[in-house]
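Contents: one structure, followed by commentary.
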Amino acid sequence: MREKKTIIISNRLPIRIERRNNELHFLPSEGGLATGLGSIYKQKNNIWIGWPGFTPESQEEEIMIREKLTEENLIPIFLTEEEIQGYYEGFANEVLWPVFHYRLSYAVYDIDYWKCYQQVNQKFAEILDQQHIDERDEIWIHDYQLMLLPKLVRKNHEQIAIGYFQHIPFPPDEVLRGIPWRDELLEGLLGADLISFHTYNDTQHFLNSCKHILGQVVTNNSIDINSRSVSVEAYPMGIDFTKFDTLAHSPQIRARAKEIRDYYKDKIIILSIDRLDYSKGIIERLKAYESLLKTYPQFREQVILYMLVVPSRDTVSQYKLLRDEIDRTVGHINAVYGSNEWIPIAYFYNSFPVEELSALYVSAQICLVTSLRDGMNLVCKEYVASKVETNGVLVLSELAGASKDLQEAIQVNPNSIEQIRDGLKQAIEMSEEEKRTRMDESIEIVKKFNIHHWVKIFFKRLRESKIQQKQEMNRRIRPVVRDAIIARYKESKRRLFFFDYDGTLVGFEKDAAKATPTESLYNLLNSIQDDPANQIVIISGRRQLALQNWFENKGYFLVAEHGAWTNFPDFNWTSKDNLSNTWKIPVKRIMDKYANRTTGASVEEKSFSLAWHYRKAQTGLGLQRAQELYDNLQYLTKQYNLQILFGDKVVEVKNSALNKGSAAKEIVNPFKPDFIFAIGDDATDEDMFCALPEYAVTVKVGNKKSDAQFYVENQKEAIALIAHFTSNSHE
Ligand code: GDG
């Protein structure tokens, strides 16, 4: 058996290919992700799949590149010009990027972009399938260009471990809703087992989107998709601390840093480094710097803004416009405030080697990051890692993910020119001692939560979620388990079947009255009851009248209102008339109050219980009000000996003495069956699962926490399982 392998997939491979003098040069990426994942993909049979960012000129060249990259465990996916336009520059950069960075007006909802995005995600899935993967392998998919990929991979690999990490923010549900294809994007991600973002807020936005847009049920930080529980976690990405710390300590970098310092004499260097992007707040930064010079003229000739902007996406019109605006603003500030001796801004539209970056980090007294939105922002962490020896202050946007990690930075709202300006003033005037204390705290964090730590904890969590899933899956009724149950059934002579009604025998309807038995359900139940050794019990929270209407004269025993009414043993209805109902008045008053506040909610009064239904209420609001109601009812439960059941779209209050458990026991004891099968989906069925004798086969509908031995995925599967007890099926 071959060893399991790990597969990294991202839009770009960690490599750059350049053609110089008709020769191809392969340049490894220096990015943090490439370093962090280097320890993974370079091992044995592991691989990294992605686009090399290069279009070969001929078939031979393509083959040559493929061979060369494969030696490095890199599997290239070549994209056509059309694919680059539609999938990458179009959908990824003109729909997802602006919307996820809260710039809705920049989004271009072009259906052709979307089609191309689907196609290219499919292409990634196909190339992955050619890599001979098997169910024990682990796949880590990176970023918003590949949001559909987890689901596409899951289609053919039910068990495989899939992790997804998104490097950019995840927007609030109402922002996401604007994208016409948001359902597909969310469903695409839910193919993964672990979905992770930089911050807790991003995870909450994602979970809320699943809840409010897809109507998924979220439990803590996980969602059940076809009995596979998907975990959603915040794992803030770190940097290669050692690399930046070592560079900062090296004599060459030190010498270069001194050169920079000497060049700018005794000026305070304020450093800013970003890719050209409207999300980085470059214009805001320039305006704040101008405001600093204007409002506090004492700083003129004392400071220098060293601004490095790395060319990026400048074929997209928004980026071209931004570049022009930066040029104009820098020109304006230098012209208005500069002098013969002093140019306020040193501006470079270029890319520098990492050694030069390091020298800049070492020499700058202040690092200024003003992102209007940023998934994380690694520049500020790199600055911190370069400051073990030299002192410095970080002025950081509170809207960058990094602000959650670097609490000791001076945090500013980037939309406020005044806050950035005054943040700079505070940084300039800060005592050396305070700078050191704050910087040391930030260093500790950047050092501990470095890139290797990030990779390690991500995989650890992915493996944990897989183990957890397997444990849960073990309870799922698979054909072998089902056949064993049927074998026991056949050997037995006196059998009892406890069937819950709503959610088990019939599916959920918005209007509870419409959830009536179908012809095929009657046929199914009758064919079970027809066997003289079988006895059906329908055990439900429904009123006695409803059960009687639907199942009269069928020979089934019926238990209504969770055991308040039963027609066992002689098919005549009897009720538990010794129960007090005085509690109903205060409980009803509270339930009415919440029903009056919540459109779509209603109160149902049964003989011995009260139910607050919210099937028709707004998603999210209904659940929130149900929780408030639940909290509000708590104090009455002890006083009156009540039980509150938090069911599916219902909160029900009843006397604790009434429950499906004692009702089931009252039938089992005198009936003396040698085979019991009980199935149900709701909280109320748990009492039944617990109370039945150990030899009973208990089955929960839906993979939720339960005392049942087994579970089936959904109501359809419940019916399919029950059908196995009919004579037709097992003959
Ligand atoms: C995305 C998210 C998230 C910059 N100029 C040069 C250069 N760089 C390097 C920096 C840093 C990286 O590029 C930039 O990373 P950021 O995190 O600041 O920003 P994005 O590129 O937008 O990255 C972001 C990140 O993904 C990771 O999850 O933090 O929020 O938008 O490492 O050092 N490197 C070299 N020359 C340059 O001129 N060599």
Side-chain angles (χ1 to χ4, degrees), residues 6-11 31-37 39-41 48 50 96 100-101 121 137-154 160-173 176 185-211 214 216 218-225 228-239 373-378 381 400-405 445 448-469:
T6 301
I7 300 152
I8 315 281
I9 313 181
S10 64
N11 171 54
L33 190 64
T35 319
L37 296 176
S39 57
I40 308 281
Y41 83 89
W48 188 327
L96 297 178
F100 284 25
H101 286 89
N121 272 255
D137 295 337
E138 289 169 330
I139 299 176
W140 190 0
I141 299 170
H142 285 264
D143 230 0
Y144 63 104
Q145 296 92 352
L146 300 173
M147 291 178 79
L148 305 179
L149 191 55
K151 186 178 173 187
L152 294 172
V153 178
R154 178 67 62 207
I160 210 161
I162 307 176
Y164 170 85
F165 188 85
Q166 184 161 304
H167 293 260
I168 66 171
F170 198 91
D173 52 337
L176 182 76
L185 293 168
L186 291 170
E187 283 160 2
L189 290 189
L190 289 170
D193 301 298
L194 172 61
I195 300 173
S196 182
F197 303 93
H198 285 300
T199 71
Y200 172 75
N201 285 356
D202 295 316
T203 63
Q204 296 312 297
H205 293 159
F206 176 74
L207 289 169
N208 281 340
S209 301
C210 292
K211 211 164 25 174
L214 296 182
Q216 294 286 356
V218 173
T219 319
N220 301 324
N221 57 342
S222 72
I223 300 175
D224 275 352
I225 303 292
R228 195 173 40 81
S229 84
V230 179
S231 309
V232 180
E233 302 265 3
Y235 287 127
M237 184 175 164
I239 58 152
R373 287 286 162 188
D374 220 333
M376 170 55 63
N377 191 284
L378 299 180
K381 290 191 170 180
S403 69
K404 308 286 187 279
D405 294 347
I445 289 173
K448 177 172 176 194
F449 294 94
N450 62 55
I451 184 77
H452 303 291
H453 181 81
W454 179 72
V455 171
K456 203 162 76 193
I457 55 171
F458 186 91
F459 275 113
K460 202 164 170 223
R461 184 69 185 92
L462 180 61
R463 282 163 203 159
E464 261 172 31
S465 11
K466 250 8 231 185
I467 294 170
Q468 216 173 313
Q469 273 179 17

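Only this structure's heavy atoms are used, side chains among them; waters, hydrogens and symmetry mates stay out.
- Within the 3.5 Å criterion, the main-chain N or O of Phe170 finds a donor-acceptor partner in the side chain of Asp202.
- Proximity of a side-chain donor or acceptor of Lys381 to a complementary backbone N or O of Asn450 within less than 3.5 Å is not detected.
- Asn221 contributes no side-chain N or O that, together with a main-chain N or O of Ser231, makes up a donor-acceptor pair within less than 3.5 Å.
- Here the side chain of Arg154 pairs a donor or acceptor atom with the backbone of Ile160 at under 3.5 angstrom.
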Handout entry: Test side chain to side chain contact (heavy atoms under 4.5 Å, CB included) applied to Phe100 and Leu176, step by step
Key = CA-CA 8 Å; Phe100 284 25; Leu176 182 76; 3.7 Å; yes
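- Using a 4.5 Å cut-off on side-chain heavy atoms (C-beta onward), Asn121 and Gln145 make no contact.
- In this structure, Pro169 and His101 approach most closely via the heavy-atom pair CD-NE2, 3.5 Å.
- Residues passing the salt bridge (charged side-chain N to carboxylate O under 4.0 Å, His left out) test with Lys211: none are found, sequence neighbours excluded.
- By the salt bridge (charged side-chain N to carboxylate O under 4.0 Å, His left out) test, Glu233 is found to be paired with Arg461, residues two or more places apart in sequence or in another chain being considered.
- A salt bridge links Arg463 to Glu138: one of the charged nitrogens lies within less than 4.0 Å of a carboxylate oxygen.
- The ring pair (Phe, Tyr, Trp, His ring centres under 6.0 Å) search around Trp140 returns His142, Trp454, Phe458, Phe459, not counting sequence neighbours.
- Ring geometry for Tyr164 against Phe197 counts as perpendicular: the plane angle is over 60°, on a 0 to 90° scale with 30° as the lower cut.
- Residues satisfying the side-chain hydrogen bond (donor to acceptor under 3.5 Å, both in side chains) criterion with Asp224, sequence neighbours excluded, are absent altogether.
- Judged purely by atom type and a 3.5 angstrom limit, Asn377 has no side-chain atom pairing as donor or acceptor with the backbone of Ala400.
- Applying the side-chain hydrogen bond (donor to acceptor under 3.5 Å, both in side chains) criterion to His205, with sequence neighbours excluded, gives no partner residue.
- By the salt bridge (charged side-chain N to carboxylate O under 4.0 Å, His left out) test, Asp137 is found to be paired with Arg2, residues two or more places apart in sequence or in another chain being considered.
- The side-chain heavy atoms of Val455 and His452, taken from C-beta on, include no pair separated by under 4.5 Å.
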